[in-house]
Peer 1: 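Could you have a look at this structure, given as structure tokens, before my questions?
Because the structure is predicted, anything quoted here is derived from the model rather than measured. Only heavy atoms go into these numbers, but all of them, side chains included; no hydrogens, no water, no symmetry mates. Whatever order the structure lists ligands and atoms in, that order sets their numbers, starting from 1. Positions are given from 1 along the sequence.
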Amino acid sequence: MDAKVTLENMYGGRTLVFGHRGASAYAPMNTIPAFELARQQGADGIELDVHRTKDEHVVVLHDFSVDATTNGTGDISHMTLSQLKSLDAGSWFDASFANTPIPTLEEVFLAVGRSLFINIEIKSRTIESDGLEAMVANLIQKYGMQDRVIVSSFNPYAIMRFRGIIANVPIAFLTAPDFHIPPPDGLVYEASHPYEGSLNETTISEYRAVAPIINTWTVNDADRAVELAKMGVNGIITDNPSAILQALGR
Ligand code: G3P
Ligand code: CA
């Protein structure tokens, strides 16, 4: 199916709520407990961040290094899956989450892939590929997730590479106020993922002129979520899905 049609079907005219790194206000970000909790709270989807390990696995973690959210140190790209799996990615958040492991993307698909949409953010700093886009594409195909994911990146070359591998999966161009690499000429993307503070009636129209869907991050204020939904934003990415769902009357 065409990526634009896939995305329109996913939304069906609704405002979708995505748990940012899961329900990360309540559980350690980018872990299975955070994703399961987003589902229990009634979120439509989750957002997560992916990296490539030294031995070619796709793991879910925000930073390029493990230092901030595990009991280990080092860059993910220099570590094997087995080294990463030995780390505790939960205790930094709360002792009750001790020994929560870093998940693979495959494990997330198996845990919540049939019940939640998944915004996969490719963390990439280079114009040249490290192979991550092809690995993500393979997993999406293996688990039949083509109509349940949106692939985004701050690096437009990453989403362009992904589009070149698998054309029918929606891609999103991600921007921040202090980080905006212009998309390469001719790149067509179905969604824009701007920082919520940059949105008003004018900028929403500008984003809409380029891509039909606008998902914004990170909205934790209930009133702001309602305002953005009224302005026509299609998706709210939040650390606190339960609060935002309630504010939207769901
Ligand atoms: O994808 C939206 C948002 O997650 C981008 O920023 O730093 O939270 O990955 P960051
Ligand atoms: Ca992210």
Peer 1: How far is atom 9 (O) of ligand 1 from its nearest protein heavy atom, and which residue and atom name does that atom have?
Peer 2: K123 NZ, 2.8 Å
Peer 1: Evaluate S152 for polar contact with ligand 1, using N/O atom pairs at a separation under 3.5 Å.
Peer 2: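 Min N/O separation from ligand 1 is not below 3.5 Å for S152.
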Peer 1: Is the closest N or O pair between W217 and ligand 1 shorter than 3.5 Å?
Peer 2: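 No, there is no polar N/O contact under 3.5 Å.
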Peer 1: Give a yes or no on whether K85 atom NZ has more than 12 heavy-atom contacts from other residues, nucleotides or ligands under 6.0 Å away.
Peer 2: yes
Peer 1: At under 4.0 Å between heavy atoms, which part of L174 makes contact with ligand 1: side chain, backbone, both or neither?
Peer 2: side chain
Peer 1: Any N/O of R21 closer than 3.5 Å to an N/O of ligand 1?
Peer 2: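 The answer is yes, given that R21 and ligand 1 share an N or O pair closer than 3.5 Å.
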Peer 1: Please indicate whether any nitrogen or oxygen in E47 is less than 3.5 Å from any nitrogen or oxygen in ligand 1.
Peer 2: yes
Peer 1: Under 4.0 Å, heavy atoms only, figure out whether ligand 1 is touched by the backbone of D49, its side chain, both or neither.
Peer 2: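 D49 to ligand 1: side-chain contact only, backbone stays beyond 4.0 Å.
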Peer 1: Please confirm whether the backbone N or O of P28 pairs with a side-chain atom of T31, one donor and one acceptor, at under 3.5 Å?
Peer 2: yes
Peer 1: Checking H51 side chain against V60 main chain: does a donor-acceptor pair fall under 3.5 Å?
Peer 2: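 Side chain of H51 to backbone of V60, a donor-acceptor pair under 3.5 Å: no, none is there.
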Peer 1: Under a 4.0 angstrom heavy-atom cut-off, which atoms of ligand 1 come close to F154?
Peer 2: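 Under 4.0 Å from F154, ligand 1 has these atoms: 5 (C), 6 (O).
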Peer 1: Output the list of atoms in ligand 1 that are nearer than 4.0 Å to some heavy atom of E121, sorted by atom number.
Peer 2: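 So the atoms of ligand 1 that pass are 1 (O), 3 (C), 4 (O), 5 (C), 9 (O).
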Peer 1: When you measure from the side chain of N119 to the backbone of I150, do you find a donor-acceptor pair of N or O atoms at a distance under 3.5 Å?
Peer 2: yes
Peer 1: Do E196 side-chain atoms and T218 backbone N/O form a donor-acceptor pair below 3.5 Å?
Peer 2: no
Peer 1: Mind checking whether H62 has an N or O less than 3.5 Å away from an N or O of ligand 1?
Peer 2: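 Yes.
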Peer 1: Does CD in Q246 sit with more than 12 non-hydrogen atoms of other residues, nucleotides or ligands closer than 6.0 Å?
Peer 2: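 No, not enclosed.
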Peer 1: Quick check against the 3.5 Å criterion: does D44 have a side-chain atom that pairs as donor or acceptor with the backbone of L16?
Peer 2: no
Peer 1: Before moving on, can you tell me the angle at the Ca ion (ligand 2) between the OE1 atom of E121 and the OE2 atom of E47, to the nearest 10 degrees?
Peer 2: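 Value returned, to the nearest 10°, is 100°.
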Peer 1: Apply salt bridge (charged side-chain N to carboxylate O under 4.0 Å, His left out) to D130 and R52, showing your working.
Peer 2: CA-CA 8 Å; D130 63 357; R52 174 193 188 277; 5.1 Å; no
Peer 1: What protein heavy atom is closest to atom 3 (C) of ligand 1, reported as residue, atom name and distance in Å?
Peer 2: H20 NE2, 3.5 Å
Peer 1: How many angstroms lie between atom CG of D75 and atom CG of D63, to the nearest 0.5 angstrom?
Peer 2: 10.0 Å
Peer 1: Restricting to N, O or S atoms, which atom of D49 is closest to the Ca ion (ligand 2)?
Peer 2: OD1
